Amino acid sequence: MTARWTRKDLLGLRELSADEISFILETADAFKQVGTREIKKVPALRGKTLVNFFVEPSTRTRTSFELAAFRLSADVINISTATSSLTKGETLKDTARNLEALHADILVLRHGSAGAPQFLASRVKASVINAGDGAHEHPTQALLDLYTIRERRGKIADLNVAIIGDILFSRVARSNIFGLLKLGAHVTLVGPSTLVPREFEKLGVKVSYKIDDVLPKADVVNLLRIQHERQRREYFPGLGEYIRLFGLTKERAKLLKPDCLIMHPGPINRGVEIDSDVADGLQSVILDQVTNGLAVRMAVLYLCGGIAT
Amino acid sequence: MKKEKPNPSAAVPIMDADAIRRGLRRIAHEIIEGNPALDKVVLAGIPSRGVEIAQRVAAFIREIEKIDIETGVIDVAMHRDDVGTRPELPVVHATKLPVPLEERTVIIVDDVLYTGRTARAAMDAINSFGRAARVQLAVLIDRGHRELPIRPDYVGKNLPTATREQIQVRLLETDNEPDAVWLERES
């Protein structure tokens with residue numbers, strides 16, 4: 001293995017090389033095995049302090065980072081602040097000061113504004129891990145998606161991956177696009193034209209508005225959550241119409257190749273972007289994604305938090 | 001990854017392929033003598049050369065006793081005590097040990113025993129899989145300078161060294177170079 005990890009922060013997949021992404025995935029293999037041990041804990045980050053700073057609500061990502069930190073023997077502090085009380089610049093600076101006062105070693109940040117992790121990373125000595133910033137990136141989600149594809153299909157290069165749903169507002173989609181393209185996959189984005197503008201083609205992906213044309217060729221289908229809470233009327237006509245045009249119904253799932261993987265970052269809106277039976281079906285790897293998320297986050301914390309700063 | 005060729009004048013040959021083979025064969029005999037219940041023994045190598053040495057010792061045991069001894073891999077990277085002090089992290093590998101470990105004898109296998117910190121990390125890793133009945137240590141070279149109360153049970157060659165000196169081990173399977181051990185002195 002020639003790749004080496006030298007970064008203190010993980011801000012996005014756009015800035016990583018294919019080798020660096022592969023190195024994280026290989027490191028995650030070793031940490032996945034830790035979860036099968038009788039004692040599911042290693043001393044790799046003993047004595048380090050991790051701060052989960054979640055300015056936007058999140059249960060699964062925060063819990064996954066917390067458990068990953070526990071399994072690496074780091075100490076964890078959770079801070080969450082109501083979004084409404086924050087204004088970006090001032091508060092992030094204050095945050096940085098407070099964290100330095102706590103001697104935090106690793107800061108996991110979820111923030112509503114794109115670029116917030118980068119802002120902090122350049123101002124603190126601690127490692128900064130982006131746990132989702134606005135509609136920008138969610139690198140650990142994309143890494144666990146890549147890990148799951150690689151685990152199930154043995155490779156990522158040359159696979160046809162369809163990402164379906166609200167692409168415009170999705171940080172998961174962006175990080176997935178960067179990671180998948182770097183590792184040689186073919187990516188097709190599918191959704192309503194208001195949420196999947198043609199501009200995305202500039203990144204090197206295909207854009208389609210006809211899901212029934214895309215599904216038969218797909219090796220992987222990644223369904224994004226329809227974020228009711230963020231949708232504005234002008235982008236999104238109605239749930240009924242969305243389900244009719246883009247939902248992965250039982251009928252539509254019959255178009256898929258038998259070995260096509262069905263993925264979803266969660267939480268699932270059963271009956272909206274995916275039919276309940278399809279979500280629980282044999283092709284679904286949704287729960288594998290959760291398990292793998294832990295291994296991938298352990299790898300990221302180990303790599304970023306373990307290097308000498 | 002190719003290592004730089006040693007400067008011949010500074011390199012002292014210690015073992016050639018024959019000497020390595022004889023050393024490992026003797027270790028195999030000693031393991032057989034010391035462990036009447038060979039079916040309970042696991043030879044667990046530390047990546048990457050320890051894994052290869054464990055395979056070779058297992059092959060000798062198979063040849064001598066006609067018994068297939070179990071082998072495994074122990075990752076020590078995530079159990080080390082110096083994380084955060086080095087600019088470059090050791091590459092982590094997946095540990096592979098048969099479970100349950102209760103009533104098993106795990107023999108840790110490595111190429112060179114030096115400070116003992118790697119062996120300590122390996123014991124820590126084994127403990128997280130369960131309570132092995134016994135843990136032993138087999139090394140190709142014991143070069144001294146222990147920093148922890150650890151001693152090997154099986155040694156291919158004892159080699160008193162100075163801390164300035166370096167032991168270089170090459171194995172065909174892991175290094176793509178002929179089997180050899182030599183000593184290098186820092187000039």
Side-chain angles (χ1 to χ4, degrees), chain A residues 1-8 19-20 22-50 68-74 103-106 125-127 147 151 292 295-296 298-309, chain B residues 1-4 42 44-51 71-104 106 117-133 135 148 174-176:
Chain A
M1 206 181 312
T2 51
R4 285 288 180 266
W5 188 261
T6 53
R7 295 172 187 273
K8 92 171 169 70
D19 276 353
E20 285 175 309
S22 299
F23 188 69
I24 297 173
L25 301 182
E26 282 161 32
T27 304
D29 282 334
F31 284 109
K32 182 161 186 183
Q33 186 278 322
V34 173
T36 67
R37 297 182 187 184
E38 192 170 304
I39 297 171
K40 300 169 183 59
K41 196 174 174 100
V42 295
L45 294 183
R46 192 170 58 190
K48 301 262 183 190
T49 304
L50 177 141
F70 285 154
R71 291 202 172 163
L72 294 169
S73 306
H103 301 293
D105 300 292
I106 304 168
K125 266 175 65 185
S127 294
Y147 187 94
E151 183 179 58
N292 291 337
V296 162
M298 285 173 79
V300 167
L301 294 179
Y302 171 78
L303 292 173
C304 292
I307 59 167
T309 45
Chain B
M1 198 171 61
K2 280 261 176 181
K3 293 268 164 58
E4 273 181 46
V42 186
I46 295 173
S48 49
R49 295 194 192 92
V51 177
T71 57
V73 177
I74 305 179
D75 168 80
V76 292
M78 56 182 97
H79 292 273
R80 292 192 64 99
D81 56 11
D82 57 357
V83 169
T85 62
R86 294 197 282 185
E88 200 173 89
L89 285 169
V91 173
V92 293
H93 298 85
T95 295
K96 292 175 199 133
L97 286 173
V99 282
L101 277 186
E102 278 68 17
E103 304 187 8
R104 308 294 299 253
V106 181
R117 288 181 190 268
T118 301
R120 185 213 59 81
M123 285 189 272
D124 188 32
I126 292 165
N127 283 340
S128 70
F129 282 81
R131 188 174 181 277
V135 178
L148 295 169
T174 52
D175 304 285
N176 205 20

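Each chain gets a letter, A, B and so on, in the order its sequence line appears, and its residues count up from 1. The structure presented is a predicted model; accordingly, all values stated were derived computationally and were not measured.
Summarising the geometry, atom CD belonging to A/Glu38 is positioned 12.0 Å from atom CG belonging to B/Leu97; distances are rounded to the nearest 0.5 Å. To the nearest 0.5 angstrom, A/Arg37 atom CZ is 4.5 Å from B/Thr95 atom OG1. Atoms NZ and CE, from A/Lys41 and B/Met78 in turn, are 14.5 Å apart once rounded to the nearest 0.5 Å. To the nearest 0.5 Å, atoms CD1 (A/Ile39) and CG (B/Asp124) are separated by 9.0 Å.
The number of heavy atoms from other shown groups lying within 6.0 Å of NZ (B/Lys96) does not exceed 12.
With a 4.5 Å cut-off on non-hydrogen atoms, A/Leu303 touches chain B through its backbone and its side chain both. With a threshold of 4.5 angstrom between heavy atoms, A/Thr27 approaches chain B through its backbone and through its side chain. Only the backbone of B/Asn127 comes within contact range of chain A, judged by heavy atoms closer than 4.5 Å.
Of the listed residues (A/Ala299, A/Pro43, A/Ser73), the one with the most heavy-atom contacts under 4.5 Å to chain B is A/Pro43.
Heavy-atom minimum distance, B/Ala94 versus A/Ala30: N-CB, 3.6 Å.
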